[in-house]
**Student:** 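One structure, pasted below without further comment.
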Amino acid sequence: LHYKARKAYDNVLLSIDGDSKTVSVHLSNEGREQVSGTLVWKLVDLTGDIVDSGTVSEKVDAFSSQEIFVRDFSAVLSDNQDRNSCFESVFTSSDGQIYRETHYFVPYKYLSLQNPGLTGEVKVADDKLILVIKADRPALFVEIDFEQADAVLSDNYFDIGAGETREIGVITENLSL
């Protein structure tokens, strides 16, 4: 799980605090420079339909943390909809770095998960292998594993939002078949 640990030591951290109806998105900046960018958020049901969405532009000063978004979804998440929904957030900084975080309104075991409809393909670009993975519906804890090879990947153990595509690089100099 070194993939998650690597992200924990980044200077910028996107995090979500929430309960069964409310989310609060925080951006922490441990760097020496101000961080600015755009937060794109979606409330999605587990069949992949977008219930609500929006965009927020924010700046966070060096060595500080602040709440950049808060919303109460009580009106939308009535009648056990909290079991069928998740909150997806993506912060893209002005320098192009992407930070993702997902909030589930109930513990994982109570989610009404659907088959995520994962598909994948392999591309070669500039002598690099790239795995392209797409999900039709939210996919939790996606793990890439090769039965016949050891490989170092640019990312592993991640969620993919409904309708999203993730490109994962395979570091070929460490590939052993």
**Student:** Please report the C-alpha distance between Glu164 and Arg100 in whole Å, then the side-chain angles of each, then the deciding distance to 0.1 Å, and finally whether the salt bridge (Lys or Arg N to Asp or Glu O under 4.0 Å) criterion is met.
**Tutor:** CA-CA 12 Å; Glu164 286 186 9; Arg100 303 172 196 273; 3.6 Å; yes
**Student:** Decide yes or no for Leu131 and Val170: does some side-chain heavy atom of the first lie under 4.5 Å from some side-chain heavy atom of the second?
**Tutor:** yes
**Student:** For the residue pair Tyr99 and Glu101, establish whether any side-chain heavy-atom pair is separated by less than 4.5 Å.
**Tutor:** no
**Student:** Are side-chain N/O atoms of His26 and Ser28 paired as donor and acceptor at under 3.5 Å?
**Tutor:** no
**Student:** Counting only heavy atoms not in Phe141 (residues, nucleotides, ligands), do more than 12 fall under 6.0 Å from its CZ?
**Tutor:** yes
**Student:** Between Lys128 and Lys123, is there a side-chain heavy-atom distance shorter than 4.5 Å?
**Tutor:** no
**Student:** With a 4.5 Å cut-off on side-chain heavy atoms, are Phe73 and Thr22 touching?
**Tutor:** no
**Student:** Hey, quick one: are Val90 and Val23 part of the same hydrophobic cluster, counting side-chain heavy atoms closer than 4.5 Å, chains of contacts allowed?
**Tutor:** no
**Student:** Consider side-chain contact (heavy atoms from CB on, under 4.5 Å). Of Ile171, Asp145, Ile144, which one does Leu153 pass it with?
**Tutor:** Ile144
**Student:** Begin from the C-alpha positions of Val56 and Thr38 and carry the test side-chain contact (heavy atoms from CB on, under 4.5 Å) through to its verdict.
**Tutor:** CA-CA 6 Å; Val56 178; Thr38 304; over 6 Å; no
**Student:** For a side-chain contact (heavy atoms from CB on, under 4.5 Å) check, start with the C-alpha distance between Arg71 and Asp52, then their side-chain angles and the critical distance, and finish with the verdict.
**Tutor:** CA-CA 11 Å; Arg71 175 76 48 98; Asp52 198 0; 3.4 Å; yes
**Student:** Is the number of heavy atoms from other residues, nucleotides or ligands under 6.0 Å of Glu143 CD greater than 12?
**Tutor:** yes
**Student:** Consider only side-chain heavy atoms of I, L, V, M, F, W and Y, link residues closer than 4.5 Å, and tell whether Val51 and Ile16 are in one cluster.
**Tutor:** yes
**Student:** What distance separates Asp17 CG from Ser24 OG, expressed to the nearest 0.5 Å?
**Tutor:** 6.0 Å
**Student:** Parallel under 30°, tilted from 30 to 60°, perpendicular over 60°: which one fits the rings of Phe69 and Phe87?
**Tutor:** parallel
**Student:** Please tell me whether Ile168 and Val132 are part of a single hydrophobic cluster in this structure, the criterion being side-chain heavy atoms less than 4.5 Å apart.
**Tutor:** no
**Student:** Looking at Ser94, Ser93, Ser57, which one forms a side-chain contact (heavy atoms from CB on, under 4.5 Å) with Ser36?
**Tutor:** Ser94
**Student:** Are Tyr110 and Phe105 joined in one hydrophobic group, where the rule is that I, L, V, M, F, W and Y side chains link up if heavy atoms are under 4.5 Å apart?
**Tutor:** no
**Student:** State, with a plain yes or no, whether a side-chain heavy atom of Ser89 is found less than 4.5 Å away from one of Val40.
**Tutor:** no
**Student:** Indicate yes or no for a side-chain donor-acceptor contact from Ser64 to the backbone of Asp61 under 3.5 Å, with no hydrogens or angles considered.
**Tutor:** yes
**Student:** Does the pair Asp49 and Val44 meet the rule for a side-chain contact (heavy atoms from CB on, under 4.5 Å), with working shown?
**Tutor:** CA-CA 6 Å; Asp49 294 332; Val44 181; over 6 Å; no
**Student:** Assigning hydrophobic clusters by single linkage (Ile, Leu, Val, Met, Phe, Trp, Tyr; side-chain heavy-atom cutoff under 4.5 Å), is Tyr157 placed with Val142?
**Tutor:** yes
**Student:** For His103, what residues pass the side-chain hydrogen bond (donor to acceptor under 3.5 Å, both in side chains) criterion, not counting sequence neighbours?
**Tutor:** none
**Student:** Does a donor on one side chain and an acceptor on the other come within less than 3.5 Å for Thr102 and Glu88?
**Tutor:** no
**Student:** Quick check: does any side chain N or O of Glu58 sit under 3.5 Å from a backbone N or O of Phe91, one acting as donor and the other as acceptor?
**Tutor:** no
**Student:** Any non-hydrogen side-chain atom of Leu129 less than 4.5 Å from a side-chain atom of Val122?
**Tutor:** yes
**Student:** Please determine if Arg137 and Asp45 form a salt bridge, counting it only when a charged side-chain N lies under 4.0 Å from a carboxylate O.
**Tutor:** no
**Student:** Is NZ or CZ of Arg166 both nearer than 6.0 Å to the six-membered ring centre of Phe158 and within 45° of the ring axis?
**Tutor:** yes
**Student:** Is a salt bridge present between Asp19 and Lys21, judged by a nitrogen-to-oxygen distance below 4.0 Å?
**Tutor:** no
**Student:** side-chain contact (heavy atoms from CB on, under 4.5 Å) between Leu27 and Ser65: does it pass, once the steps are laid out?
**Tutor:** CA-CA 6 Å; Leu27 189 64; Ser65 180; over 6 Å; no
**Student:** Are Leu111 and Tyr104 packed together at the side-chain level, in the sense that at least one heavy-atom pair is separated by less than 4.5 angstrom?
**Tutor:** yes
**Student:** So, Glu30 and Asn11: side-chain donor and acceptor under 3.5 Å apart, yes or no?
**Tutor:** no
**Student:** Quick check: do Leu46 and Cys86 have side-chain heavy atoms less than 4.5 Å from each other?
**Tutor:** yes
